[in-house]
Each structure stands twice: as C-alpha cells, then as structure tokens.
There are 2 protein chains.
Amino acid sequence: MAAADLDSFDRKILRILQRDNMTSQREIAYQVNLSAAAVHRRIHRLHADGIITANMAVLSPSKIGRPISVIVELEVESERPEELEQVKRSLAAAPEIQQCYYVTGEVDFIVIVSVADMSEYEEITKRLFFANPNIKKFRTYVAMDRVKTSFEMPVD
Amino acid sequence: MAAADLDSFDRKILRILQRDNMTSQREIAYQVNLSAAAVHRRIHRLHADGIITANMAVLSPSKIGRPISVIVELEVESERPEELEQVKRSLAAAPEIQQCYYVTGEVDFIVIVSVADMSEYEEITKRLFFANPNIKKFRTYVAMDRVKTSFEMPVD
DNA sequence: ACACCTCTCGCAATTTTTTTTCGCTATGAC
DNA sequence: GTCATAGCGAAAAAAAATTGCGAGAGGTGT
C-alpha cells in the first residue's frame, strides 16, 4: 500500500481518467504528448499496480429515483473488535449505504445513505440501527444541497 | 430532473456500468440478452438523458499519497443566501475537498477532505475555515477505516 | 378492421479504438 | 566497452464501437 512513484506522464493520465475514463487513449496521447501505445502501457500498469482501483459510471440520484442523501453519525455501545466488525459488516452490506467511515472523536461512524424518500430512511433506521443492539444512538442530517460530490483527488 | 422511466434492460445495464463501466457493450449485451447495437443505443440514451452523469476512474488514496480522509462539520455565522453561496463556492473549489453537503440540523455543512498528512489538513483549516469570517466553528473527525466508499446506488 | 406512425429490435457493414508486436534508443551496472 | 533493462514510436492485428437498414410489435385514428 506504499505510495507509488508516478512520473509526470502518469499523473497527467490519472488526472484525465479521474474526470473521464471514456477518453480514448489516442486523445490522452495527444494531450500528454506520448504515443498511444505508451499511454496504453502506462494505463495497463496503473491498473496492475492498483493505483486505479475501479472504473465506474456515476448516475443522477434524482433521475433514478433516489433524490435524498442523508448523513448519519453513529455511536456504538462497545468498541470491542468483534462487535465493531459486526457493525462494519452490517453497514457495508446495506445497498442504500454509499459510504461509511469509522472515525476518531465523539462519534464512531459517519455514514452516507441514499434514499428515495424519508419513509425509506425510517425503514433503514429500523433495519440497521434500532435492530442492532450495539448501536447506542445516531444523529441524522438531511442534505439540502449536494454542494460537491466526487472522489476526485489532487494528483501531484 | 424528474425520475426517468427505465425498463428492466436499462436497469440491468446501469447496474453493470455502476460497477464497471469498462465492460464491453458486447459483454453487456450477453449479460442482459440484447444485441450489442441495442445496448449501445440504450447507453447512448442514458447519457443523453442525464441518467449517467459521469464516467470516472477511482484511484487508490494511499497509492497516490493521500492516505487520510477527514470528515468535517462546519457551522456558519450567517445563513443569508449571499454568504451561504460564498461558503459553498469556496468549499466546492478546493481540490482537497471531495464532497460537501449542506445539511439540516445542528451543523450546516458536512465535508469530506482527502489529505496526505495532518499538516496538510492544518494548512487547509487555515486557508478555508479560519480565513473565512462566515465560518463560526468546525469539528474534525479523522477516518481510521474507510469501511465503504462508493457512489453505487440501488437501481430498482 | 385497416392503414399509419413510432419505437426498438437484430443483423451486417463500416469505422474507430485497443492491443500486440517489432525494432530502436537511452540508461545504468559491471 | 558491453550487456541487460526499460521505455519509446510506428505499424499490424484484433476487438469494439457505431451506423444503416429492414422488420416486427404496439398504439392511434379513421
């Protein structure tokens, strides 16, 4: 998991692919000033080395009928490893949960949930939070505005 | 922005593309039982209709030297529209900020930041939070475990 | 019931892109 | 200096994408 050493070409390629991985290798080659073959070899290596971990299409939440994002803070009863792992597994397995972070500080987990409406959220609280004896309490924040949603990160 | 009407083929295609948009149209055709041409026409329409909003490569945070995710809750001084917009713009423009939600409840913004180390985070707090007179206070949670990170959502 | 229109399909041809292969050159070790 | 390694561009081969066309299903109005 050590940081890989990327040269300036790799970084440029990654910046392009982060924004749009449908960009043709020919176009990338033109933009970064390499041959298409060289770009291909580099992208292949970036995959093999686990630097690129996935390639995904991003969907419009409203257009597919899940217009509401909810951010939830969870506190657990016990942080014993087994109990903790059980909570992690349960949260990670829920398809409505897009993201889950185990964090330092006053709360234990921060979770981002995508739902169609608040009644679906209520159903999820019952299924995942109230039904889990190790979840002590949770606090709900409903997003009024998804100001920025991406996984893009600076590559430098 | 109304929810689009998708048939069962569209939904299957979206489920595949959400997980891996490098899947060839031929392979998708095989999986959903259509011709490659039909799949192509549908994907094209899904793009045109804004149901697929982006296609991106996901990078390994540790491999590109940004192993730390920080979740920050922000409270603002004033929620007057102009002031609010200014805060939103400033947060959205920061490349280290991957996500930003404007939320209901005791805090106003929840922000996810990707950093190389805590000194970079400190620098960001100065630049984005302390330097902004409309940001009253903020609370920092450092992720010990990225239990789940995706944008995948159920398509049903 | 019939003609008409629209939508979407599959098939096949064409174009584009990706992937592989083949020298050639630069760099570092011995 | 020579050998091994790695990276390059160019060209060839393979795969995937896109487009054109005719056909069938389903709905609409006469």
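Quick note on labels: first sequence line is chain A, next is B, and so on, each numbered from 1. Please read these numbers as outputs of a predicted model, since none were measured by experiment.
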Discussion item. Between P on dT17(C) and CG on Asp20(A), what's the gap in Å once rounded to a whole number?
Written reply: 13 Å
Worksheet entry | Shortest non-hydrogen separation from Phe9(B) to Asn33(B) and the atoms involved | CE2-O, 4.0 Å
Discussion item. Can you measure Asn21(A) atom CG to dT17(C) atom C1' for me and round it to whole angstrom units?
Written reply: 15 Å
Discussion item. For Phe151(A) and Phe151(B), take the angle between the two ring planes, folded into 0 to 90°, and tell me which bin it lands in: parallel under 30, tilted 30 to 60, perpendicular over 60.
Written reply: parallel
Item to complete: Provide, to the nearest angstrom, the distance between the NE2 atom belonging to His44(B) and the C1' atom belonging to dT19(D).
Response: 12 Å
Item to complete: Please indicate whether Arg127(B) has more than 12 foreign heavy atoms, meaning atoms of other residues, nucleotides or ligands, lying under 6.0 Å from its CZ.
Response: yes
Item to complete: Take Arg41(A) and Val39(B), find for each the nucleotide of DNA chain C with the closest heavy atom, and name the residue whose nucleotide sits nearer the 5' end.
Response: Val39(B)
Item to complete: Look at the aromatic rings of Tyr121(B) and Phe129(B) and report parallel, tilted or perpendicular, splitting at 30° and 60°.
Response: perpendicular
Item to complete: Check the distance between dT20(C)'s C1' and His40(A)'s NE2 and give it to me in whole angstrom.
Response: 8 Å
Worksheet item: Using a heavy-atom distance cut-off of less than 4.0 Å, which residues of residues 45-59 of chain B contact DNA chain C?
Response: none
Discussion item. Heavy atoms from C-beta onward define the side chain here; which of dT20(C), dG9(D), dG7(D) lies closest to that of Arg42(A)?
Written reply: dG7(D)
Worksheet item: When all nucleic acid strands are considered with a 4.0 Å heavy-atom cut-off, which category describes Ala38(A): base, sugar-phosphate, or nothing?
Response: sugar-phosphate
Discussion item. Just the rounded figure in Å: distance from P of dC7(C) to CZ of Phe9(B).
Written reply: 18 Å
Discussion item. Determine whether the aromatic ring centres of residues Tyr102(B) and Tyr141(A) are separated by less than 6.0 angstrom.
Written reply: no
Fill in: Sorted by number, the residues of residues 23-35 of chain A with heavy-atom contact under 4.0 Å to DNA chain C
Ser24(A), Gln25(A), Arg26(A)
Worksheet, complete the sentence: Result for salt bridge (Lys or Arg N to Asp or Glu O under 4.0 Å) between Asp7(B) and one of Arg42(B), Arg45(B), Lys12(B) points to Arg42(B)
Practice prompt. Select one nucleotide: of dT19(C), dC11(C), dT8(C), the one nearest the side-chain heavy atoms of Ala37(B).
Written response: dC11(C)
Worksheet item: Is there a side-chain contact between Gln99(B) and Lys148(A) (heavy atoms, below 4.5 Å)?
Response: no
Worksheet entry | Helix axis bend for the helix from dA1(C)-dT30(D) to dC30(C)-dG1(D) - C1'-based end axes, five pairs, 10° rounding | 30°
Discussion item. Using a 3.5 Å distance criterion without hydrogens, assess whether the side chain of Gln18(A) forms a donor-acceptor pair with backbone atoms of Met153(A).
Written reply: yes
Discussion item. Rounding to an integer number of Å, can you tell me how far Ile13(A) CD1 sits from dT18(C) C1'?
Written reply: 15 Å
